[in-house]
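In the text below, chain A, chain B and the rest are named by the order of the sequence lines, each starting its count at 1.
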Amino acid sequence: MPELPEVETLRLGLKKYLVGHKIEDVEILHPKIFFGDKKDIVGAAVKGIRRVGKGLIIDLSNEFSLAIHIKLTGQLIYQDNKTVKNPVSKLKVGSVPNKFTHIIFRLNGDSKLFYNDQRRFGWIKVVKTNEVMNLPFFKEMGPEPFAEELGSGQVDLTLDKFEEIISNSKTVIKPLVMDQKKIGGIGNIYANDALFKAKIDPRRKANSLSEAEIRKLYDSVLFVLKKGLDSGGASELTFVNILGQDGGYQNHTLVYGKRGKTCPNCGSKIKVIKLAGRGTFFCEICQK
DNA sequence: CAGTACGCCTGGTAGC
DNA sequence: TGCTACCAGGCGTACT
């Protein structure tokens, strides 16, 4: 699932390829994805790209911004005269536009930005720049790993903050780590892998973790997210970068998605359960 | 307030 | 083979 590393990969790509381009037109092929009036953004140029948790904000040269969430299967793909031959590696669709293309931003110089989304859970909203952070999803975002390092402008998830969040919660640890209002950016893949690396049973109550376990979990969260960032994200589903290319983390997962496989640590069979409605992968021998 | 169930959606797959 | 039934899952909403 697109999480912090995947969305950050998109942010870097958009920053490199999209900033400076002028939006000449917007083709809305699926109106349920696009909220707002396209007239507010046509004619404006792309000024900057921000990421808030798993969300993106494209700031324009006028008073508007685009708020974007790609949810499970969204793709943002940029093409111009130089990149146009890059195929999209996922969904066997080969190129864009395709049957999953719902929004096309036509940019100056014959460049385009495509929004594809197989399951159409994602959204793109036109919002005034000075009001974009009032969207509940952004406003309620918890502190984020690497916020300071990446210069995201969000509150940084320090070890102290992490300890406070974990030790003050009676919730089950895995859903807590994935709660965007508590901690921003972590989804199912990285939550599973971080808990495995920290050797903590995902079913534990958060406030039952010792100080040492909390520290270990903190380090593990940063470790797996960093691995994800360095891999250009995880493309286990439909995620591709701005040029339509796969990331690499799906080849490095520790336990996530390893149904029927064995624990990389002890060799026993990975257990799959549901926790708060989400698929949960762990090793009952290694994670206590 | 915290926790849970459901809806959104469709490609993939298990089961017949 | 071809059909049906069910599942995955981030997040908003409704409900307990």
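Taking atom CG of A/Asp179 as the reference point, atom P of B/dT4 lies 12 Å away to the nearest angstrom. Here C/dA8 presents its P atom at 13 Å from CG of A/Asn192, a figure rounded to the nearest Å. Between the CD1 atom of A/Ile273 and the P atom of C/dC7 there is a distance of 16 Å, given to the nearest Å. Remark: P of C/dG9 and CZ of A/Arg120 are 20 Å apart, rounded to the nearest angstrom. If you measure from atom NE2 of A/His69 to atom C1' of C/dC11, you get 7 Å, rounded to the nearest angstrom. Put simply, CD on A/Gln118 is 6 Å from P on B/dG11, counting in whole angstrom units. In this structure, the CE atom of A/Met178 is 8 Å from the P atom of C/dC11, given to the nearest Å. In this structure, A/His30 places its NE2 atom 13 Å from P of B/dC8, rounding to the nearest Å.
The A/Lys32 side chain lies nearest to B/dC8 when the options are C/dC11, B/dC8, C/dA8. Side-chain atoms of A/Tyr256 lie closest to C/dG9 of the nucleotides C/dA8, C/dG10, C/dG9. When distances are taken from the side chain of A/Phe100 to each of B/dC9, B/dG11, C/dC11, the shortest belongs to B/dG11. If you check C/dA8, C/dG9, C/dC11 against the side chain of A/Lys274, the one that comes closest is C/dA8.
Identified under the salt bridge (Lys or Arg N to Asp or Glu O under 4.0 Å) test for residues 219-235 of chain A, with sequence neighbours left out: A/Lys226-A/Asp230.
Looking at A/Glu3 and A/Lys54, no side-chain N of the basic residue comes within less than 4.0 Å of a carboxylate O on the acidic one, giving no salt bridge. Residues A/Glu213 and A/Arg204 are paired through a salt bridge, judged by an N-O separation under 4.0 Å between the basic side chain and the carboxylate. Ion pair A/Lys181/A/Asp179 not flagged as a salt bridge, since none of the NZ, NE, NH1 or NH2 atoms sits closer than 4.0 Å to an Asp/Glu carboxylate oxygen.
Checking A/Phe121 against A/Thr171, the closest nucleotide of DNA chain B that is more toward the 5' end is the one next to A/Thr171.
Counting non-hydrogen atoms under 4.0 angstrom, A/Asp117 reaches nothing in the nucleic acid. Using a 4.0 Å heavy-atom cutoff across all strands shown, A/Gly187 reaches no nucleic acid atom at all. Residue contacts for A/Glu3: at a heavy-atom cut-off of 4.0 Å it reaches no nucleic acid atom on any strand shown. Residue A/Phe281 is classed as having no contact, given no heavy-atom separation below 4.0 Å to the nucleic acid.
Taking the six-membered ring for Trp, A/Phe196 and A/Tyr256 have ring centres at least 6.0 Å apart.
Annotation: cation-pi pair A/Lys258/A/Phe281 absent, no NZ/CZ under 6.0 Å from the ring centroid and within 45° of its normal.
Contact between the side-chain N/O atoms of A/Lys99 and the OP1/OP2 oxygens of B/dG11 is found at a separation under 4.0 Å.
Under the 30°/60° scheme for interplanar angles, the aromatic rings of A/Phe138 and A/Trp123 are found to stand perpendicular.
Over its length, the helix from B/dA2-C/dT16 to B/dC16-C/dG2 turns its helix axis by 50°, as judged from the five terminal pairs at each end, rounded to 10°.
Side-chain polar atoms of A/Tyr249 and A/Asn251 form no donor-acceptor pair below 3.5 angstrom.
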List the steps, then state whether salt bridge (charged side-chain N to carboxylate O under 4.0 Å, His left out) holds for A/Arg106 with A/Glu24.
CA-CA 5 Å; A/Arg106 298 195 177 278; A/Glu24 294 189 335; over 6 Å; no
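A side chain to side chain donor-acceptor pair (under 3.5 Å) with A/Thr73 is found for one member of A/Thr238, A/Asn116, A/Asp117 and no other, namely A/Asp117.
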Under 3.5 Å, N/O pairs linking protein and nucleotides 12-16 of chain C:
none

